[in-house]
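Letters go in sequence order (proteins before strands), and every chain restarts at 1.
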Amino acid sequence: MRLQYPTNIKVVRVPCTGKVDVLYILHSFEKGADGVYLVGCLEGGCHYNSGNLKARKRVEQARKILDTIGIGGERVRMYNLSSSDGPLFAKYATEMDEKIREMGPNPIKLAKKKKAA
Amino acid sequence: MSGLESNQTTIRGSVMIAGGGVGGMQAAIDLADSGFKVHMVQKDSSIGGTMVMLDKTFPTGDCSMCMISPKMVEVGRHPDIKLHTLAEVVSIDGGPGNYRVRVKLQPRYVDAEKCTGCGICEEKCPKKVTSEYEQGLTVRKAIYSLYPQALPNTRAIDRDNCIYFQKGKCKACEKFCPSDAIIWDDSEQDIELNVGAVILSPGLERYDAGMRQELGYGRWPNVVSSIQFERILSASGPFMGEVMRPGDHKHPEKIAWIQCVGSRDSHNANPWCSSVCCMYTTKQAVIAKEHDASIQPTIFYMDIRAFGKDFDKYVNRAKEEYAVRYQRAMISTVREEPGTGNLILRYAEPDGKLVDETFDMVVLSIGFQPHKEAVAFAKTFGIELNEHRFPKTDPFVPVETTRPGIYATGIYQGPKDIPETVMQGSAVAGRAMALLSEARGSETTVIEPPAIKDVKDEEPRIGVFVCHCGINIASVVDIETVVNHAKTLPHVVYAGNNLFTCAQDSQEQMKAIIKEHGINRVVVAACSPKTHEAIFMDTIEECGVNKYLFEMANIRNQDSWVHSATPEVATAKAGELVQGAVARAASLSPLDEKKIPVIQRGLVIGGGVAGMNAALGLADQGFEVVLVEKEADLGGLATRLTATIEGADIKTYLNDLIEKVAGHPKIQVLTDALVTGFTGFKGNFTTEVIVGTGMYERKIEHGVVILATGANEYVPTEYLYGQNQNVMTQIELAERIEQSGAEDLNQVVMIQCIGSRNEGNPNCSRVCCQSAVKNALRIKKLRPEANVYILYRDMRTYGLMEDYYMEARGLGILFFPYDPDNPPAAESAENGVVVSFQDQMTGRQLKVRADVLALSAGMTPEDTEELANILKLARNAEGFFVEAHVKLRPVDMATEGIFICGTAHSPKLISESVSQALAAASRATTILSKTQLTLSAVTAEVEQDRCASCLICVRSCPYGVPRINEDGVSEIDAALCHGCGICACECPAKAIELNWYKDDQIICKIDALLEGAV
Amino acid sequence: MDIGYYPGCTLHASSSLYDVQSRRVFSEIGITLNEIDDWNCCGATSAGKIDDFLAVAMPARNLGLAEAEGFSEMVIPCSACYSRMLVAQKQLENNIKLKEEINAELSKKVQGTIKVSSILEVLLTPSASDELAAKVTKELKGIQAACYYGCLQTRFPFKIPINDDVENPQGMERILKLLKAKTIDWSYKTDCCGASASVDDETTAFNLMAKIMKDALSRGANCLVVTCPLCQLNLDAYQDKFCKKHGIQDRLPVYFITELIGLALGMSPDELQIDRHFIDGSELLKELDLI
Amino acid sequence: MTAVELEFNFDTAKSFVQEVMERSDQNLLACYQCRRCASGCPVGEETGYVTPDRLIRMLVLGDRESALNNDLVWKCVSCYTCGTRCPNEIQTARVTETLKKISKETHQKPLSPKVAHFHSTFVSSALRWGRLNEIEFINFYEIKNTLTDLKNFRFKAIFSEMIAQGQVGLNMLRRKRLHFGFQSAKGRKEIKRLYQRAKTKQRG
Ligand SMILES: Cc1cc2nc3c(=O)[nH]c(=O)nc-3n(C[C@H](O)[C@H](O)[C@H](O)COP(=O)(O)OP(=O)(O)OC[C@H]3O[C@@H](n4cnc5c(N)ncnc54)[C@H](O)[C@@H]3O)c2cc1C
Ligand SMILES: Cc1cc2nc3c(=O)[nH]c(=O)nc-3n(C[C@H](O)[C@H](O)[C@H](O)COP(=O)(O)OP(=O)(O)OC[C@H]3O[C@@H](n4cnc5c(N)ncnc54)[C@H](O)[C@@H]3O)c2cc1C
Ligand code: SF4
Ligand code: SF4
Ligand code: SF4
Ligand code: SF4
Ligand code: SF4
Ligand code: SF4
Ligand code: SF4
Ligand code: SF4
């Protein structure tokens, strides 16, 4: 009945994607996340006018940093959809999951595991 | 204000609203927020009306459901709005101020108190019924809710289709209902409501496309109605947003829309224009193309009626960016190509050539018409109807019916789109408030705030409540495991489960547990915080726990529903989500909702029709108003007009209005006055004004602002205007006829769209088509021998004004469409003008010698650049003010406490300006009626020591809230902050935190969710 | 039941088989058709093109005769005559002066009281259709009919309400359903077959008929069914010719609705004069084992 | 189509369109040029795209010449499709009927003489006997046609017409669809009287 999407996706709620600090994104990787994505309103349809545009910029920023340190900027993404777009939400979740699987686990995690071993 | 009958003893402080569409909802919210009790009587099992069926809406492309559901939640949760669904009014007596209304309630067969909306019954019910909500494209069950987000969200049994009721066997729903909510012996009930005023908002019905069998609806499967197409486009619709043909689920490429189906047809259907279909068609074509770039849309039309704010821009974009093809030609018949399911449309090209074109799909743009029961409905309420069975209303007070104290709004009053419906929803509320102002607050619920425990220094004591949600969660997630896991988490002193946590009895239980265990923070693991958070927050507040010490884990929408195939993983994930929630709950601190006093005085800027009506709207409710007009006299543009198209006398109306305003004890009129300074926030503004020739300075303190600065007639530079005295604008022509009649007019030519719909001003000025028809009719009536020629691009006599267009043709006024690429030309002649143009149908080049050439000059907004700067308000490229939200907040400005009305917002007729003025007054009353306002606690705060005064927050805030204060550091006014948190993230010094979403409160949740990942 | 009957010129001439069938079918279901005494031509579509007065006066005389004979209802199988009569009645109703003028010349004055019915209207009254359903002895299994109404059965030059959908009439379909025959929905059921143009403007008429034929064929119809003798003659007599001209291979028999009813009620092909078709009407019936 | 017109004034167009409107009882001014009639007219392609909408426009703009001399007037089959669907209830069939009459009255040469003959022969045949005798009618009709063709020396046309109608006739005979019996109504005198009155009305 309901669309299924991968189980490894966990949602952190914020009032607006404009509230997502680059810090949160980087911190997540440090804590072992393999990927992070933001889901915001459609562009031009932000509940707070421009939060999602700010978020998009921060996503770009985070990507650059991740690229520089060799984790892979591709692991961060931004999606825009409207609240009635359940199927699209599932589609994006699946897409993200596939992308991350393709890239393999977060290298930090591997490094830390090695260290621990 | 309609006078109250003297023998009426008590004025009631309550209002009944019949019809729960967006119009009714807006009226309900405004009234309830202003201290009135509302009874909403809704015929179907859920409120929502037409809007809940739509996918996106023009011209913004916003999702319709996203826009309407917050309003629905507001209506559903408001303590002063009582919903009566499956209900209809059967009789009414009494008078304004005190009506007794008898309402008949159809049995629901489901106990609304017990039903939690789990939907299990629906899943088990064996009987499939065509879904009216999905427009017959799919099925629902015999026990059902109209649509997934229905409100109330209890199910209802459709007796006519239920196997048990029809054959005496089944009862599957009862067997599976976990809440024991089915009542087989439910029966019809009569209730009586005693209210002060009545608002009618039952909407209209959609024209049945099946009436036009030549167009193939119901015959050829790939011919659909526009409302079906909305469902097809909708992501929650039968095809989940994929554009498919119902016939064979193939993806159509060529889609044709046929306009005016059921409208503008006095012979076979309805004579009026339905006003919305040109635009929704454009929207559908654009959205379809967005869904699938290979789609080629074609729209067959007569006139594109894009007369609203920014509508023509939208149409232009559709043409240029989305390659939507507009073909001016009507279709006589839709034939199906045997074998392929494709449809063959024949149309006439401009030169007469007949072309057969094959399409994959055809959409019929159906219009609106009064309900079949419109006459009986009007009789029940004792109101009169016009010849088309719409309620009879006055052009100067378009929401008043013929019976005092009974108002009409929304499309019921006449076809209109969502913004105008919302506007009128507020307008009726304003009218009712004025009538009942003395009884304000007499019937509303007073909620005593409970004493809140101080928990600041306490250790967190967290209680976790895990919900089964019937089988919604429990059938996938092992609740026991989740509860046990919760018990092991830090600070958790209690963990338990409920079948339905939101059910009334569970809430009571929860309160007892909170008290018993001394819980000071609560986590509910259940469904979506969007719909349920507020309920739980209220519950914990009732036991003295600060409501911000609460967190939800959504283990249904984010877990059981979407991972039902892997129950074990889902159970584990539920545990993790609870863990995240517990971690965050532990980090929360209590927040106070600030209260600020309200200055119960309004400021109105602009003394035209709109400004004056807004001022009266407030003053009649007893609020003080200061009206600021920059000219020496009141009246605005309307002083130049003589009569409306209906023939109503504008001069008399205006004089009365000015007299009323000038003489009103609560209104202070400042003429020759200019606004020079402005500070403050909603409820507390201070405005500086320089008044009179003496330039006195005045400081006005007030709680709200209503902007009504108006617009002017465009001064043409085209067609010899100003060079030849026989060339004049429509207003000048009307004045001329008023002064010297039409005796000397033998030939009059009118050219439409002067100064509108061009590069400089891409939009339609909305009033000029009707102006032309109005003046032409006037000439013909004064002097039947006169010939009038109207050269137009699209005749935009929308809504019921189509009647006058028809009348004009009947009287022999000639209409010639012209192509903007081949516009008419004019040259001076002795005592007149010679106008040459082409007749498109015959190709003939015509020259007409005219005594008068009337130019239908458009509207240009008043120059408000300075005012906009002072008040920090946004204007669009043309200079009209930009409202907070085009669709849902058409009279609010983005800055709270400021409202807009009249032509300062966009071109509109007097009746529409009045509607919006009443609406502005009503919206303003939601603030002025309170002595103090409660602000949300979720706002940003600056830790001033850390601020580096970099101004980044000042620039990044979408509402311009942060400012650098006297100490040179950033300061955020909690009264102005919307709580988006953008500034907090942008601040390089990390000096800003958003309450309830502080960095550590988010980070600790991330940590908890990722625990064990490395 | 007794009912007035106006056959019109063609039912006494080229389409007399329709006359025969109508009488037989009606009597079988208990309705006696009483031919109006001394009726005259209704003027068909021509009178209106020649003279407005005659266009009303010619049918008016018939209405007067029928009323004088005391009938409250008159059935008219031919769509053209039916249309003319209805329209004239409407015009008389709208124009009292015209009515007086015409009545001045008539021995039997017209009142405008009589109900003018098409053959379908009468057959579809509840009592008649019940009777019909009850009398069916041979179910018309295998018939896949394209019911063709043409112009005159539903469309009039005046706004005249009828009991069926103007654009997608169902009368014949409903009758054929009683006979257990199948029908198709198609795009040309009310399109013009060219009417008199087959005589005076063959190219036009053939184009129109070819379109009708093609649509019916490609939707799998195995016959056309009509109520109008002009349509019948056009589509039947010229079928070979217009099909050849337009490259259409297949041919379809063109039945009167009464023909199929008669068969279902057990009448013989001879009795129904099925041999009077241009496109053999018996071939299909044999193929389907219906005769 | 037409070159630049010197001056247009609805006054000059009025009288003709008024006459047609009165006689056809159709309010042609109501037309809002939606062109639905054009797309539904079955003979639209046969008339050089003179469709009802364009005919109406010619009338409204007072172009008497074009309004009387176009194929639609003669090829309109009175199917009433245009009028049934016109949102302004304009029955062009009644306009073409009116124009045919005007054409005849003003002794204009019909564009389609065959059509004109068909209808006049039909009516006179029906009037003569009270009922229509198909054979007589067809014979007269053919003769009339032949006469015009003869007048215009179109022997080829006569020849092919004879063959064409002959074939159908032969077929009809074979199918017993040609009826040699003769029918008439007894009240012929009454019908003649009606005819007389019609004629006086026409003159008056
Ligand atoms: C296909 C389509 C697409 C559209 N697209 C757009 C768009 O993109 N943008 C836009 O702005 N507008 C659009 N509209 C127009 C928009 O839907 C309406 O303007 C708006 O919904 C009108 O709201 P309302 O409250 O007046 O009426 P409704 O929404 O119709 O609500 C009336 C309510 O009253 C109830 N009711 C009826 N009778 C009674 C009774 N006797 N007693 C009690 N209750 C009763 C009904 O059940 C219903 O819930 C579209 C309309 C259609 C048909
Ligand atoms: C060309 C034209 C033709 C029209 N024809 C019709 C018609 O036929 N029928 C119809 O119903 N409607 C018609 N209208 C529309 C009608 O005029 C408006 O709907 C109505 O007058 C709008 O009222 P308003 O109060 O919004 O604006 P206005 O009437 O423009 O009043 C605005 C007032 O605000 C004042 N003001 C402006 N700026 C300031 C400031 N900074 N400080 C203080 N005061 C300020 C102005 O001086 C003015 O008095 C027409 C409009 C135009 C332009
Ligand atoms: S509680 Fe009962 S009636 Fe309500 S939705 Fe669930 S199963 Fe249905
Ligand atoms: S009793 Fe009726 S509503 Fe309940 S399950 Fe059966 S059919 Fe459905
Ligand atoms: S012109 Fe009016 S009725 Fe026709 S489609 Fe446009 S809005 Fe609808
Ligand atoms: S004349 Fe005015 S109302 Fe009409 S289309 Fe042009 S701008 Fe719009
Ligand atoms: S962004 Fe931060 S540091 Fe900069 S001014 Fe604002 S609060 Fe101060
Ligand atoms: S939270 Fe949002 S609205 Fe509030 S000050 Fe910051 S940016 Fe502005
Ligand atoms: S259908 Fe009617 S309104 Fe439309 S163009 Fe034809 S005559 Fe005019
Ligand atoms: S009645 Fe004549 S003009 Fe009208 S659609 Fe038929 S053929 Fe064409």
Whether the C:T203 and D:E46 side chains hold a donor-acceptor pair (N or O, under 3.5 Å, no angle test) is what I'd like checked. no
Of all heavy-atom pairs between D:V77 and C:G194, which one has the smallest distance, and what is that distance? CG1-O, 3.8 Å
Decide if atom NZ of C:K159 counts as having more than 12 heavy atoms of other residues, nucleotides or ligands within a radius under 6.0 Å. yes
How about C:F156: does its CZ atom have over 12 heavy atoms from other parts shown lying under 6.0 Å from it? yes
Contact part of C:D38 toward chain D, heavy-atom cut-off under 4.5 Å: side chain, backbone, both or neither? both
Okay, C:T154 and chain D: the region with an atom under 4.5 Å from a heavy atom over there is neither
Strictly by side-chain hydrogen bond (donor to acceptor under 3.5 Å, both in side chains), give each pair with a member in residues 31-40 of chain D just once, sequence neighbours left out. D:R35-D:D53
Measuring from atom CZ of C:R155 to atom OG of D:S78, what distance do you get when rounded to the nearest 0.5 angstrom? 11.0 Å
Is the NZ atom of C:K211 crowded by more than 12 outside heavy atoms at less than 6.0 Å? yes
When rounded to the nearest 0.5 angstrom, what distance separates CD in D:Q91 from CZ in C:F158? 9.0 Å
According to side chain to side chain donor-acceptor pair (under 3.5 Å), who are the partners of C:Q91, at least two apart in sequence or on a separate chain? none
Per-residue contacts, residues 18-31 of chain D versus chain C, heavy atoms under 4.5 Å: D:R23
Does any heavy atom of chain D fall under 4.5 Å from the side chain of C:D236, the backbone, both, or neither of them? side chain
Among C:L106, C:N40, C:D51, whose side chain to side chain contact (heavy atoms under 4.5 Å, CB included) with D:L194 holds? C:L106
If you take all heavy atoms of C:P157 and D:R94, which pair is closest and at what distance? CB-CD, 3.6 Å
For residues 92-105 of chain C, give me every residue with a non-hydrogen atom less than 4.5 Å from any non-hydrogen atom of chain D. C:E101, C:I102, C:A104, C:E105
Taking every heavy atom of D:R131 against every heavy atom of C:W39, the minimum-distance pair comes out as NE-O, 2.8 Å
Do you know which of D:E190, D:E89, D:R193 has the most heavy-atom pairs under 4.5 Å to chain C? D:E190
